[in-house]
Amino acid sequence: MINRPRLTVIGTGYLGATHAICMAVMGFDVIGVDVDPVKIEKLNSGEVPFFEPGLPELLTKALDSGRLRFTTDFAEAGAFGDVHFICVGTPQQRDSPAADLTYVDAAVTALAAHLTRRVLVVGKSTVPVGTAARLADLIRELAPAGDQVELAWNPEFLREGFAVDDTMKPDRMVFGVTSAWAEEQLRAAFEPVLDQGVPVKVTDLQTAELVKVAANSFLATKISYINAMAEICEVTGADVHDLAEALAYDERIGGKFLRPGLGFGGGCLPKDIRAFTHRAEELGVGQAVGFLREIDGINRRRRARTVDLVVELCDGDVAGKKVAALGAAFKPNSDDIRDAPALDVAATLAGMGAEVVVYDPAAMDNARRQFPHLGYGENALDAAQDADVVVLLTEWTEFREIDPAAMGAVTSQRRIVDGRHALDAGAWRDAGWEYRALGRP
Ligand code: UDX
């Protein structure tokens, strides 16, 4: 295609902001749209409203190129775009495991009113299977251009912390379409990505919706599988760390997402497996993914068991004990604390009467806002000052590099729970620490 389509990106959270910025850097004219004027103002002034390595530099580059701007005005976006990407969130509903589709419906409704010519709307949000077909009907009904407007589904697999790479050079692209024209538009919109040889799988809408939840369910299952093995190791004296390494040599199994520890959190895996289970039940095939409840259960037990280890190290009672909690983000290289195992453990210990002091390299502001009753340190050593026990909850590189002797010099007791299997157990024990990790003797 000679003329590059003009793009809009509706929703400027992790997914949308990254997508808008990367597409502009790759040479497209892009408008990012959000209902939150504060976010829009920040982005227009060159500030990324969340922590993502490499993204601030690319935002500056994209804004300087003149190809990217952000607005709250759907009319402007509707008039501008040839291809419109829907990138709003689908969090878990407050009182149900189901996904909350309020934002998707609102975004599509607001956009459709301004679609007066043949354009493509592309869903990227993670949605329950069947949503795309419903949205396609809604668009046809609401858009002045009626059935000239088509809907496609293009699930997004980006990982926080690697969002730029995952957007610029993904492992694969999935195009859920209902016409050859829609596929052509998508190929044009991703030309620079596809030119690098990234494989494309073209499917129908419902398969594209399912690929995303199937992938995340598989990853969650892999993590909970090794954590289930950790539970067995705990009662047999076996070492899950060695077990996982031995499994990983089998190419059919592979070592990725087989790291035992405190388990998964974040804005995707936990809510996606719950929403998937709920949707399957609605469809009358709940049994097919009944095991995902077990996956969720194993994952929750890891948090409880980590708390137990801390309590054990404190001779059975943490009340009045000082606990240094290293990590708050749901994983390293992120400031995201959504369903963060780290803060769950920290808050539970505080609830049991411990004096918990948290330190995280990036997530301090978010953590303070949501857990104002916890203590916060200036750095890892500061958090560990006079601690009765240290618990590592997010495996940031700077925590891996802590010198056990230096930390031992500031704590009151040399006791550590390595919730992420991130430390060299031998080195810590040699420095006089009582070292404990889930599934390790
Ligand atoms: C995930 C998917 O990887 C991504 O493809 C999808 O688009 C969104 O959800 P993300 O939420 O950014 O991405 O995090 P991910 O890197 O997948 O980690 C999820 C959680 O699993 C983290 O809490 C991490 O600490 C945990 N994890 C990961 C483990 O406990 N063990 C592992 O071996 C791997």
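Everything numeric here is computed off the predicted structure, so don't read it as measured data. Counting starts at 1 for both ligands and their atoms, following the listed order.
- Numbered from 1 in the order shown, with element, the atoms of ligand 1 that lie under 4.0 Å from a heavy atom of C268 read 8 (C), 9 (O).
- For the pair G263 and ligand 1, a heavy-atom separation below 4.0 Å is found.
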Let me see the working for D166 and R159 under salt bridge (Lys or Arg N to Asp or Glu O under 4.0 Å), right down to the final yes or no. CA-CA 7 Å; D166 285 352; R159 295 160 301 166; 2.8 Å; yes
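- Taking a cut-off of under 4.0 Å to the non-hydrogen atoms of L269, the atoms of ligand 1 that pass are 1 (C), 9 (O), 19 (C).
- Interface of L258 with ligand 1, defined as ligand atoms under 4.0 Å from a residue heavy atom, comprises 33 (O).
- Scanning both residues, A208 and G176, for their nearest heavy atoms gives CB-CA, 3.6 Å.
- Here the protein heavy atom with the shortest distance to atom 2 (C) of ligand 1 is N216 OD1, 3.5 Å.
- Looking only at protein heavy atoms, the nearest one to atom 27 (N) of ligand 1 is I223 CD1, 3.4 Å.
- At a heavy-atom cutoff of 4.0 Å, ligand 1 is contacted by no atom of D272, backbone or side chain.
- For the 3.5 Å distance criterion, the side chains of N299 and R302 fail to qualify, holding no donor opposite an acceptor.
- Counting heavy atoms under 4.0 Å from ligand 1, residue K212 touches it through the side chain alone.
- Screening residues 336-357 for salt bridge (charged side-chain N to carboxylate O under 4.0 Å, His left out), with sequence neighbours left out, gives E160-R338, R274-D339, R303-D339, R303-D344, D336-R338.
- The atoms of ligand 1 that sit less than 4.0 Å from any heavy atom of L158 are 4 (C), 6 (C), 7 (O), 8 (C).
- When the heavy atoms of R420, R159, K222, R259 are ranked by distance to atom 34 (C) of ligand 1, first place goes to R259.
- Closest to atom 17 (O) of ligand 1 among all protein heavy atoms lies F257 CZ, 3.2 Å.
- A cation-pi arrangement, defined by a distance under 6.0 Å to the six-membered ring centre and an angle within 45 degrees of its axis, is absent between R279 and F276.
- Ion pairing of E312 with R305 is present here, as a side-chain N (NZ or NE/NH1/NH2) and a carboxylate O approach within less than 4.0 Å.
- Checking V198, V193, L58 one by one against M168, the side chain to side chain contact (heavy atoms under 4.5 Å, CB included) holds for a single residue, L58.
- The protein heavy-atom contact nearest to atom 12 (O) of ligand 1 is E160 N, 2.8 Å.
- For atom 18 (O) of ligand 1, the nearest non-hydrogen atom from the set E156, K331, K256 comes from K331.
- Using a cutoff of 4.0 Å between basic side-chain nitrogens and carboxylate oxygens, E434 and R414 are not scored as salt-bridged.
- Comment: D239 engages R440 in a salt bridge, judged by a side-chain N to carboxylate O separation of less than 4.0 angstrom.
- The nearest non-hydrogen atom to atom 23 (O) of ligand 1, considering only F157, F330, Y14, F162, comes from F330.
- For ligand 1, the atoms lying closer than 4.0 Å to a non-hydrogen atom of F264 are 20 (C), 21 (O), 23 (O), 26 (C).
- A salt bridge does not link K331 with E395: every distance from a Lys NZ or Arg NE/NH1/NH2 to an Asp or Glu carboxylate oxygen is 4.0 Å or more.
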